[in-house]
Number of protein chains: 2
Amino acid sequence: MPSHKSIGRLSLYRSILNRLLRDGVNSLFSHELASLAGATPSQVRRDLMVTGYTGSPVRGYDVRDLLASIGRFLDAPESEGVALVGVGNLGRAIMAFFTGRRPSLTIQAAFDRDPYKVNRVIHGIRCHPMEDLESVLVREHVRVAIITVPAIEAQDIADRLCRAGVKGILNFAPVRLRVLPSVFVEDVDVTMSLEKVAYYSRQGNRAEGI
Amino acid sequence: MPSHKSIGRLSLYRSILNRLLRDGVNSLFSHELASLAGATPSQVRRDLMVTGYTGSPVRGYDVRDLLASIGRFLDAPESEGVALVGVGNLGRAIMAFFTGRRPSLTIQAAFDRDPYKVNRVIHGIRCHPMEDLESVLVREHVRVAIITVPAIEAQDIADRLCRAGVKGILNFAPVRLRVLPSVFVEDVDVTMSLEKVAYYSRQGNRAEGI
DNA sequence: AATAACACGTGAAAAAGATAACAGTGCTAC
DNA sequence: GTAGCACTGTTATCTTTTTCACGTGTTATT
Ligand SMILES: NC(=O)c1ccc[n+]([C@@H]2O[C@H](COP(=O)([O-])OP(=O)(O)OC[C@H]3O[C@@H](n4cnc5c(N)ncnc54)[C@H](O)[C@@H]3O)[C@@H](O)[C@H]2O)c1
Ligand SMILES: NC(=O)c1ccc[n+]([C@@H]2O[C@H](COP(=O)([O-])OP(=O)(O)OC[C@H]3O[C@@H](n4cnc5c(N)ncnc54)[C@H](O)[C@@H]3O)[C@@H](O)[C@H]2O)c1
């Protein structure tokens with residue numbers, strides 16, 4: 001049972017390793033990955049333990065094998081669909097960002113209540129009307145959703161998503177969602193992050209870990 | 001010296017308190033704030049300790065006073081300007097989001113290298129050419145910046161920002177920036193967050209704290 | 001008036017997380 | 001061939017963060 005931070009770092013390692021692989025790097029040591037990730041070598045080794053992959057003291061970690069191992073650990077057995085609710089400024093930016101990126105995690109359907117957006121295809125993703133939310137999610141077995149609607153609407157949307165079987169929500173609206181304990185919610189609060197940056201920019205303090 | 005998490009929660013409390021104030025709530029108890037923030041009452045009380053504000057066991061916390069106290073603790077003495085580099089999909093969404101929001105922390109200048117964006121005013125914010133970066137930042141005493149350029153460009157931008165006197169960076173590009181220890185960097189990694197959600201959605205695990 | 005109830009602030013205990021330490025291993029170089 | 005080296009996996013230690021628990025003061029109630 002690895003910690004939440006550890007899971008986050010594994011995802012970070014993967015993105016670093018993917019870039020290294022594109023650059024022709026075939027193997028590396030824990031201290032090299034640590035340096036790229038802003039972590040310590042021990043931390044890297046400890047994180048990688050949970051994936052079951054074991055490197056060689058001589059050659060270090062094989063980038064390809066390690067990527068595969070992280071993938072087996074982090075990803076669903078088969079590729080997973082994600083729904084996004086709220087095709088506004090932020091929602092569209094995220095849709096643009098994720099198109100043709102990670103094959104194992106793709107935004108499969110978008111939803112909005114604005115009739116000007118409904119039934120359009122935006123960044124390759126079909127925008128459905130809100131009344132189709134439950135049916136589309138159930139039909140496509142969507143278990144992960146992104147909320148980018150205004151804060152006031154977010155709780156209602158979360159309730160509907162949960163009723164439709166969603167088990168994980170990435171929430172950009174600045175409210176804490178109330179959901180069943182079996183549903184995982186991760187909040188991305190940009191205002192909070194910016195205020196934190198402003199605070200520490202004044203304290204002359206070092207950046208925090210990952 | 002409060003923890004990083006604690007600073008984040010103070011910002012969250014503030015946003016909750018602001019909303020409560022608009023709804024006509026004048027005072028509350030630690031357990032009420034805790035419940036809204038997804039924290040425990042002890043944690044709330046402990047976090048608030050650092051601001052120096054002390055509530056009454058009878059009436060709880062006065063929302064207005066508490067807001068003022070958090071503000072004194074978190075905010076700069078006078079309102080602070082923020083720069084944003086990379087007026088793309090995400091950059092524009094963030095610019096739209098922050099216009100007319102927090103008076104103490106406003107995006108004052110944007111920068112992009114695309115000539116179609118330069119010298120336009122977007123969401124009320126002037127987009128400057130990259131060659132003016134240093135001069136504008138120094139002139140306007142900007143100490144906090146947001147990076148929303150492609151990953152490959154982010155390190156260069158960070159270097160220039162630091163040279164121009166920036167002390168805190170909110171970084172949306174999926175790379176770890178190398179900066180002097182005196183500069184604070186906060187990363188927002190959407191891919192990582194989404195992968196985390198996907199992972200825990202499969203584990204039937206409870207959401208993490210804040 | 002005495003007492004129960006309640007929430008605050010805060011020191012102490014517990015839990016979580018990060019770092020350091022160390023034994024084991026295979027290569028290199030004498 | 002074997003001493004030295006550089007790395008791994010993993011356990012042990014240390015640090016940070018969260019939770020508990022209790023003394024205090026105030027109001028309501030008997
Ligand atoms: N834009 C940003 O950079 C940014 C940053 C941080 C947080 N956020 C948060 O993300 C959310 C969206 O921000 P935005 O800037 O994209 O806002 P926006 O107004 O541009 O977009 C909101 C979208 O949600 C749709 N919507 C509203 N209510 C709905 C409902 N009940 N059902 C379905 N769709 C609905 C609207 O039609 C619109 O398309 C907000 O909660 C905001 O606070 C945005
Ligand atoms: N869009 C999202 O939802 C999203 C989510 C997470 C992370 N990100 C990250 O945010 C960054 C921006 O994403 P985006 O979707 O807005 O990309 P984008 O391509 O839409 O925007 C990038 C902008 O940066 C400008 N730019 C590029 N190089 C520059 C330079 N050297 N100097 C100044 N300006 C420069 C471009 O002209 C463009 O306007 C990327 O690093 C991306 O990985 C985006």
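Throughout, a chain's letter reflects where its sequence line sits, starting with A, and its residues are numbered from 1.
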Partner set under ring-ring contact (aromatic ring centres under 6.0 Å, His included) for [X], not counting sequence neighbours:
| X | result |
| --- | --- |
| F98(A) | none |
| F73(A) | Y199(B) |
| H128(A) | F111(A) |

Could you pull out the protein-nucleic contacts involving nucleotides 23-30 of chain C (nitrogen or oxygen on both sides, under 3.5 Å)?
none

Any side-chain N or O of [X] less than 4.0 Å from the OP1 or OP2 oxygen of [N]?
| X | N | result |
| --- | --- | --- |
| R9(B) | dT18(D) | yes |
| S30(A) | dT8(D) | yes |
| K5(A) | dA16(C) | no |
| S3(B) | dT16(D) | no |

Is there a side-chain contact between [X] and [Y] (heavy atoms, below 4.5 Å)?
| X | Y | result |
| --- | --- | --- |
| V136(B) | R126(B) | no |
| R160(B) | E134(B) | yes |
| D187(B) | L12(A) | no |

Please give, in whole Å, the distance from [N] [atom2] to [X] [atom1]?
| X | N | atom1 | atom2 | result |
| --- | --- | --- | --- | --- |
| D62(A) | dC7(D) | CG | P | 17 Å |
| L48(B) | dT10(C) | CG | C1' | 13 Å |
| E32(A) | dT8(D) | CD | C1' | 14 Å |
| Y53(A) | dT8(D) | OH | C1' | 11 Å |
| H4(A) | dG17(C) | NE2 | C1' | 13 Å |
| F29(A) | dA6(D) | CZ | P | 11 Å |
| M49(A) | dG17(C) | CE | P | 16 Å |

ask   = To the nearest 10 degrees, what angle separates the axes at the start and end of the helix from dA1(C)-dT30(D) to dC30(C)-dG1(D), five pairs each?
value =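 End-to-end axis angle for the helix from dA1(C)-dT30(D) to dC30(C)-dG1(D): 10°, rounded to 10°.
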key: Which nucleotide in dT8(D), dA7(C), dG9(D) has an atom nearest any side-chain atom of H31(B)   =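 When the side chain of H31(B) is considered, dA7(C) is the closest of dT8(D), dA7(C), dG9(D).
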message = Under a plain distance cut-off of 3.5 Å, with no hydrogens placed, do S35(A) and R176(B) share a side-chain donor-acceptor pair?
response =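 Per modelled atom types, R176(B) and S35(A) side chains form no pair under 3.5 Å.
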ask   = If you find the nucleotide of DNA chain C closest to G55(B) and the one closest to P2(A), which residue's nucleotide is nearer the 5' end?
value =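 Between the two, 5'-proximity favours G55(B).
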ask   = Between the side chain of D112(A) and the main-chain N/O of D114(A), is any donor-acceptor distance below 3.5 Å?
value =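 Pair found, side chain donor or acceptor close to backbone of D114(A).
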ask   = Between S69(B) (side chain) and D65(B) (backbone), is there a donor-acceptor pair under 3.5 Å?
value =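 Checked: no pair found.
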ask   = A145(B) and L161(B): which non-hydrogen atoms are nearest, and at how many Å?
value =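 A145(B) and L161(B) have their closest heavy atoms at CB-CD1, 3.8 Å.
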task = Provide the closest heavy-atom pair for R45(B) versus S30(B) in the form atom of the first, atom of the second, distance.
result =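 Heavy atoms of R45(B) and S30(B) come nearest at NH1-OG, 3.4 Å.
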Review item, nucleotides 19-23 of chain D N/O atoms under 3.5 Å of protein N/O:
residue	atom	partner	partner atom	Å
dT19(D)	OP2	T40(B)	OG1	3.3
dT19(D)	O4	R46(B)	NE	3.3
dA21(D)	N6	R45(B)	NH2	3.4

query = Parallel, tilted or perpendicular for F184(A) and H4(A), by the 30°/60° rule?
reply =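 Correct class here is tilted.
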